[in-house]
Amino acid sequence: MPISEATRALIYDRCYVGGEWVASDSNESFAVTNPADGSEIAQVPAFGSAETERAIQAAHDALPAWRQKTAAERATILKKWHALVMEKQQELGELMTLEQGKPVAEAKGEIAYAASYIEWFAEEARRVYGETIPGLQTSQRIIVTREPVGVCVAITPWNFPAAMITRKVAPALAVGCTIVVKPASETPLTALALAALAAEAGVPAGVFSVVTGSAKAIGKVFTESELVRKLSFTGSTAIGSLLMEACAPSVKRVSLELGGNAPFLVFDDADIEAAVQGVMDSKFRNAGQTCVCANRIYVQKGVYADFVEKLTKKVEALKVGNGFDEGVVIGPLISESAVEKVEEHIADALAHGGRIVCGGSRHELGGTWFTPTVIADGTQKMLCTREETFGPVAPIIAFDTEEQGIEFANATEFGLAAYFYSRDLGRVRRVSEGIEAGMIGINTGLISNATAPFGGIKASGLGREGARQGIDEYSEFKYLCIDS
Ligand SMILES: NC(=O)C1=CN([C@@H]2O[C@H](COP(=O)(O)OP(=O)(O)OC[C@H]3O[C@@H](n4cnc5c(N)ncnc54)[C@H](OP(=O)(O)O)[C@@H]3O)[C@@H](O)[C@H]2O)C=CC1
Ligand SMILES: O=C(O)[C@H](O)CS(=O)(=O)O
């Protein structure tokens with residue numbers, strides 16, 4: 001796929017460590033490929049333990065000077081980074097489409113979303129407030145200050161190659177931490193480009209480094225290094241749990257944004273057209289490869305047939321193709337194994353009473369394209385009610401009463417996002433209080449933004465990203481008891 005020279009200029013085939021672009025010690029590298037056609041975009045270094053140790057050492061060495069800067073100085077640099085990212089929105093969007101597959105328009109949208117975290121935390125940097133508490137004696141004063149956690153590390157997934165980076169790096173830098181990031185091996189180029197723009201914005205050497213290579217080797221150093229005080233991870237629950245366990249011996253702080261299995265309930269008093277649009281917005285974003293997408297759709301019996309008919313019409317109209325082609329909204333899935341998981345979920349759904357209304361198979365384009373699918377007559381026995389599909393499949397299950405809808409929604413180990421449509425105020429109160437999730441969309445399918453605390457409960461993770469809470473993940477309270 002021909003890309004502009006400006007986009008090509010953002011492709012880095014080295015890791016960014018301590019302010020330098022470096023190869024691996026062995027000079028070994030691995031390919032980053034385009035999911036649309038398997039073509040190689042670039043090679044990036046295959047770092048191991050030694051290189052990773054050096055990146056952490058660089059972060060440790062850079063910490064004193066960075067934390068000594070004033071909040072205003074750090075905010076100024078973050079604002080410059082935000083401006084540079086938005087100036088390169090088109091090029092960064094094209095780079096993301098190349099390595100992740102999502103349509104350029106959607107990729108550019110993610111760049112703006114990613115940049116909004118930088119802007120948000122540039123502002124929050126100047127509002128990391130402490131407090132004073134009345135002392136217990138007249139000569140005593142109690143002061144609570146807030147300090148940066150220290151050297152941080154982050155491991156991020158392939159589905160949002162920009163936003164998952166800035167959602168961690170921006171708050172870390174804002175409060176005075178330094179950070180080393182390992183992006184997913186499928187999509188490292190966006191992270192490397194963001195690091196280059198951060199350097200151009202004035203982020204000093206060692207404050208923000210990006211390493212690529214063996215997840216196991218890098219992860220081992222990240223979790224065992226005594227210099228590292230915090231790990232932030234976004235990805236599957238299985239890996240997040242492993243990393244949390246590995247951090248335990250050195251008592252590191254952890255933030256975990258893990259898997260989801262979002263229920264999407266449509267009650268009989270809902271605006272059906274709006275609910276259909278809400279499913280389209282949530283389910284088919286990034287071809288269903290998001291942790292907050294509607295994974296199972298529950299529709300109250302009285303409106304079930306009408307909802308299935310209306311949703312099917314919109315799903316059949318979705319344009320599938322190469323992310324660089326005009327009007328395409330569904331790009332290729334990230335890998336062959338991702339397609340196989342979708343096929344497994346569809347076969348299981350059919351084996352448990354489901355009926356294909358549209359789609360149901362690989363797209364005629366071949367490769368990892370999958371036809372957007374609606375499954376009706378679903379049941380709670382289906383695998384997709386327990387495991388995230390991570391593909392463009394909308395299974396629809398009928399439910400009877402409000403209580404049954406809440407029961408179905410909560411029948412999962414996960415608790416990241418949930419959605420429901422209702423215009424009855426009492427029902428909105430009861431259902432929003434009854435559903436076990438960290439985030440709930442009420443009459444909307446789109447809930448992700450930098451101003452709100454993003455995160456889950458149960459097996460979906462620990463901590464919050466974005467909002468005021470996002471700073472808390474990278475800061476420590478210090479209690480001063482002064483007697484004079
Ligand atoms: N809650 C949230 O905000 C989000 C949750 N997710 C969840 O993540 C999953 C999809 O993303 P996916 O990338 O496949 O998830 P993975 O958990 O497989 O990978 C995520 C990251 O972890 C790294 N990794 C994998 N194994 C190890 C290991 N043993 N030690 C250290 N790092 C490791 C990967 O590196 P490498 O690429 O080199 O293998 C990648 O950078 C889904 O379950 C999705 O729901 C995804 C995004 C957001
Ligand atoms: O990786 C994901 O799925 C993201 O966290 C979802 S969002 O923040 O882009 O909505």
Side-chain angles (χ1 to χ4, degrees), residues 30 32 44 46-47 52 99-100 102 106-107 109-114 116-117 153-168 181-188 191 210-224 231-247 255-262 281-282 285-295 333-335 337-338 341 387-391 413-417 419 437-439 441 445-450 452-466 470:
F30 63 91
V32 182
V44 294
F47 265 28
T52 306
E99 64 174 355
Q100 199 270 348
K102 66 180 73 174
E106 186 170 346
E110 185 190 331
I111 297 300
Y113 172 50
S116 72
Y117 281 100
V153 292
I155 299 174
T156 57
W158 49 263
N159 57 346
F160 287 83
M164 296 308 99
I165 303 293
T166 59
R167 194 153 84 178
K168 300 173 189 309
V181 177
K182 188 209 85 64
S185 297
E186 295 92 338
T187 57
V210 176
V211 298
T212 58
S214 161
K216 280 194 169 54
I218 294 169
K220 185 170 173 28
V221 175
F222 276 9
T223 54
E224 294 180 359
L231 176 138
S232 180
F233 172 75
T234 294
S236 62
T237 296
I239 300 303
S241 178
L242 280 176
L243 293 169
M244 182 177 177
E245 184 178 11
C247 285
S255 295
L256 303 172
E257 295 293 350
L258 306 179
N261 187 338
D281 292 340
S282 170
R285 178 170 165 243
N286 199 15
Q289 301 172 115
T290 86
C291 57
V292 291
C293 70
N295 204 63
L333 299 192
I334 193 69
S335 64
S337 61
K341 183 177 183 184
E387 185 181 277
E388 57 191 348
T389 304
F390 245 52
E413 65 175 315
F414 297 103
L416 187 59
Y419 307 86
M439 304 175 284
L446 293 172
I447 57 176
S448 304
N449 58 72
F454 185 104
I457 59 175
K458 297 166 51 174
S460 290
L462 298 169
R464 293 295 184 270
E465 295 186 300

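Atoms within each ligand, like the ligands themselves, are counted from 1 in listed order.
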Would you mind running through ligand 1 and noting each atom that sits below 4.0 Å from a heavy atom of [X]?
{"X": "Cys291", "value": "1 (N), 2 (C), 3 (O), 4 (C), 5 (C), 6 (N), 45 (O), 48 (C)"}
{"X": "Trp158", "value": "11 (O), 12 (P), 13 (O), 14 (O)"}
{"X": "Gly259", "value": "45 (O)"}
{"X": "Phe390", "value": "10 (C), 42 (C), 44 (C), 45 (O)"}
{"X": "Glu257", "value": "1 (N), 2 (C), 3 (O), 4 (C), 5 (C)"}
{"X": "Arg167", "value": "3 (O)"}
{"X": "Thr156", "value": "21 (C), 40 (C), 41 (O)"}
{"X": "Asn159", "value": "46 (C), 47 (C)"}

Using atom types as modelled and distance alone, determine if a side-chain donor or acceptor of Arg167 lies under 3.5 Å from a backbone N or O of Ala162.
-> no
Donor-acceptor pair, Ser282 side chain versus Ala294 backbone, under 3.5 Å?
->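 Yes; judged by distance alone, with no hydrogens or angles, the pair exists.
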Could you pull out all residues at least two apart from Phe233 that satisfy ring-ring contact (aromatic ring centres under 6.0 Å, His included)?
->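 Result, ring-ring contact (aromatic ring centres under 6.0 Å, His included) vs Phe233: none returned.
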Looking at every heavy atom in both [X] and [Y], which two are closest together, and how far apart are they?
{"X": "Ala459", "Y": "Thr237", "value": "O-OG1, 2.8 Å"}
{"X": "Ile457", "Y": "Ala437", "value": "CD1-N, 3.6 Å"}
{"X": "Cys291", "Y": "Leu258", "value": "CB-O, 4.1 Å"}
{"X": "Ala417", "Y": "Ile447", "value": "CB-CD1, 3.9 Å"}
{"X": "Ile155", "Y": "Gly219", "value": "CD1-CA, 4.4 Å"}
{"X": "Glu413", "Y": "Lys458", "value": "O-CB, 3.1 Å"}

Nearest neighbour of atom 7 (C) of ligand 1 from the list Cys293, Gly235, Ala215, on a heavy-atom basis =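 Going through Cys293, Gly235, Ala215 one by one, Gly235 has the nearest heavy atom to atom 7 (C) of ligand 1.
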Quick one: look at [X] and ligand 1, take heavy-atom pairs under 4.0 Å, and tell me if it's side chain, backbone, both or neither.
{"X": "Glu387", "value": "neither"}
{"X": "Phe222", "value": "neither"}
{"X": "Lys220", "value": "neither"}

Within 45° of the axis and under 6.0 Å from the centre of the six-membered ring of Phe160, does NZ or CZ of Lys102 qualify?
-> yes
Heavy-atom check, side chain of Cys293 versus side chain of Glu388, under 4.5 Å = no
Work out whether the distance between some heavy atom of Leu416 and some atom of ligand 1 is less than 4.0 Å.
-> yes
Is Phe454 in contact with ligand 1, taking contact as a heavy-atom separation below 4.0 Å?
-> yes
Measure the distance from [atom] to every protein heavy atom, then report the residue, atom name and distance (to 0.1 Å) of the closest one.
{"atom": "atom 28 (C) of ligand 1", "result": "Ile239 CG2, 4.0 Å"}
{"atom": "atom 38 (O) of ligand 1", "result": "Ser185 OG, 2.5 Å"}
{"atom": "atom 1 (N) of ligand 1", "result": "Leu258 O, 2.4 Å"}
{"atom": "atom 42 (C) of ligand 1", "result": "Glu388 OE2, 3.0 Å"}
{"atom": "atom 22 (O) of ligand 1", "result": "Phe233 CE1, 3.2 Å"}
{"atom": "atom 23 (C) of ligand 1", "result": "Ile155 CG2, 3.6 Å"}
{"atom": "atom 29 (N) of ligand 1", "result": "Lys216 CG, 4.0 Å"}
{"atom": "atom 35 (O) of ligand 1", "result": "Lys182 NZ, 3.0 Å"}

Please say whether more than 12 non-hydrogen atoms of neighbouring residues, nucleotides or ligands are located less than 6.0 Å from NZ in Lys220.
->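 Counting neighbours around NZ of Lys220, 12 or fewer heavy atoms of other residues, nucleotides or ligands fall under 6.0 Å, so no.
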Ser236-ligand 1 polar pair, N/O distance under 3.5 Å | yes
Exactly one candidate in Val153, Leu242, Leu231 meets side-chain contact (heavy atoms from CB on, under 4.5 Å) with Thr223; the answer is Leu231
Apply salt bridge (Lys or Arg N to Asp or Glu O under 4.0 Å) to the pair Arg285 and Glu106, showing each step before the final yes or no.
-> CA-CA 8 Å; Arg285 178 170 165 243; Glu106 186 170 346; 5.1 Å; no
Tell me the residues surrounding ligand 2, counting only those with a heavy atom closer than 4.0 angstrom, sorted by chain and number.
-> Tyr113, Asn159, Phe160, Met164, Arg167, Arg285, Thr290, Cys291, Val292, Ser448, Phe454
Can you find a side-chain donor-acceptor pair between Ser255 and Lys168 that sits under 3.5 Å?
-> no
First locate atom OG of Ser236, then atom CG of Leu256, and finally report the distance between them rounded to the nearest 0.5 Å.
-> 10.5 Å
Chi angles and distances behind the side chain to side chain contact (heavy atoms under 4.5 Å, CB included) call for Thr234, Glu465 | CA-CA 11 Å; Thr234 294; Glu465 295 186 300; 4.0 Å; yes
